[in-house]
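Single-structure report; data block below.
Order of listing sets the numbers, starting from 1, for every ligand and every atom in it.
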Amino acid sequence: MKDLPVSARKLVLPRPANLIGNAFLPAASGAEMEVVSPIDGLPFTTIADSGAEDVEAAVAAARDAFDHGDWGRLSATERGRLLLRLSAMIIAHAEDLAQLESADNGKPIAQARIDMQVTGRYFEYYGAAADKVHGEVIPFQRGYNVEVRREPYGVTGHIIPWNYPAQMVGRSVAPALAMGNAAVLKPAEDACLTALRIGEMAVETGFPPGALNIVTGRGEVAGKALSEHRGIDFMSFTGSPEVGVMIQTAAARNFIGCTLELGGKSPQVIFEDADLDAAIPVVVKAVIQNAGQTCSAGSRALVQRSIHERVVRELKARFETIAASASGEDAVLGPLISERQKRRVEGYIDNADAPLIARGTISPDAPEGGYYVAPALFGPCDPDAGIAQEEVFGPVLAVIPFEDEDEAVKIANGTDYGLVAAVWTRDGARQQRMSNALRCGQVFINGYGAGGGVELPFGGIRKSGHGREKGFAALLEFSHIKTVVNHYG
Ligand code: NAD
């Protein structure tokens, strides 16, 4: 299929309904929202526009599943098998899911295909890990047995964004379910169709009623109701820092914990001894992938002054050849998610407080009405410039020169964020010093996997949020410790 308009694609659409207690239900009010494809800006289906009463029903179904239902009675091994079955079904339907994701989110089909493999992998990883979370026994006083158990919280809330919709379902929900929680998911209103299909698959694979519930709708209505609900025992949020503050405030009011993953301004630090042939394509991909709408996009290139001219020349040549296009087979850069995000990113580009080095193009074949933005390269940027400090969430790279290692560390750590960083150098001791000095949750050396790696703990500090997703660390986040002291004699 080559660049077909969304209306002409054969899509396996999910039911435009919430998933509550394994039933597919419209919003109690009957309200629906149009789903618009970023590829052409045209509506192609609808979803439920849910309210507080729908969230109430979903939380009640989850509570019942955990406290009294079949879900709460399953052993860890049985839970794991269900997740593995769901993983296999996602992989079996990967092409349909990828087509749906590309139409709904606008991402190039090649990226959507990768996303489905990663989504399946999340359910596989956590399915296989479900019965491997062990407790401990603490040697205590004579006559005591002390156990430290890992227990699920109960009902977990999940609010996820639109940038990697299916991956986010796996990343947020799979570890929670593996630990035995019952989940209520509020996917993003801008892209939630694959979440609903995965929900349908969960029912087909035999998940008991109430284990996984999905409520679609607006953030300020359904999302707010979920984040404030007193029946939620732990909250997981990925999205903007502004909403992250609201989620954390609501969690504090309900005395529950939360994890926040709020994005970043991740630096790629390129030293003069770096293998530039290896580095430059990766640096470009790290900010072009998913049209820059990646929390861990490498959106700052810190370049040592001695190689600055060469690096800028090579980045410029690459940026100038990138064309935003409809998300067909050959697409590298698709549209942004919405008119709102397009305006926001264009606002950053038009008002940038640094010189423009290069601009890509928009392909003449890109459908009118789609949300396309030509990529932009800025530099040399002052480290404190807005374009070098704020998360643009678009295909925009800020180049910042530095003199030496000390200055590189200062600039790299000099934003409010701290999610991911990359260091490009052949010097082993410098690799170690830099990985020690960088204040963030993940450091890549001579490579960059924007967020990549289901097995790799991922998350940030400061404005990037707190708590860890992915890897075994996520299982610990979705569980709490219960210490049992048995005085037996
Ligand atoms: P957002 O934070 O508004 O949306 C993320 C999720 O939160 C969605 O599911 C949304 O429905 C929900 N939400 C919105 N308002 C809510 C509220 N009051 N209470 C509860 N839930 C609510 O993000 P956005 O406006 O779609 O994007 C804006 C910016 O956020 C982007 O430009 C980018 O900088 C950042 N962002 C970061 C990530 C990330 O992966 N860290 C993802 C998306 C957006």
**Message:** Test: salt bridge (charged side-chain N to carboxylate O under 4.0 Å, His left out). Region: residues 249-264. Which pairs qualify, not counting sequence neighbours?
**Reply:** Arg171-Glu261

**Item:** Mutual orientation of the aromatic rings belonging to His480 and Tyr153 [parallel < 30°, tilted 30-60°, perpendicular > 60°]
**Value:** tilted

**Message:** For atom 19 (N) of ligand 1, is there a protein heavy atom at a distance under 4.0 Å?
**Reply:** yes

**Prompt:** Side chain, backbone, both or neither: which part of Met235 has a heavy atom under 4.0 Å from ligand 1?
**Reply:** neither

**For atom 33 (C) of ligand 1, closest protein heavy-atom neighbour** = Phe393 CG, 3.4 Å

**Prompt:** Do Ser87 and Tyr126 get their side chains close enough for a donor-acceptor pair, meaning under 3.5 Å?
**Reply:** no

**Prompt:** Just checking, is any N or O donor in the side chain of Asn18 or Ser50 under 3.5 Å from an acceptor N or O on the other one?
**Reply:** yes

**Prompt:** Quick one: does Arg218 get an N or O within less than 3.5 Å of an N or O on ligand 1?
**Reply:** no

**Fill in**
The atoms of ligand 1 lying under 4.0 Å from a heavy atom of Pro161, numbered in the order shown, are 42 (C), 43 (C)

**Complete:** Candidates Ser240, Pro241, Gly264; heavy atom nearest atom 29 (C) of ligand 1 found on Ser240

**Fill in**
Numbered in order shown, the ligand 1 atoms found under 4.0 Å of a heavy atom of Leu262 are 41 (N)

**Asked** Would you say the side chains of Tyr448 and Gln268 form a donor-acceptor pair under 3.5 Å?
**Response** no

**Request:** Between Gly239, Gly157, Gly263, flag the one that comes closest to atom 37 (C) of ligand 1 by a heavy atom.
**Result:** Gly239

**Message:** Is there a side chain to side chain contact (heavy atoms under 4.5 Å, CB included) between Leu196 and Leu19? Walk through the geometry before answering.
**Reply:** CA-CA 8 Å; Leu196 291 172; Leu19 173 60; 5.6 Å; no

**For ligand 1, the portion of Thr294 having any non-hydrogen atom under 4.0 Å away** = neither

**Prompt:** Are any of the heavy atoms in Arg340 under 4.0 Å away from ligand 1?
**Reply:** yes

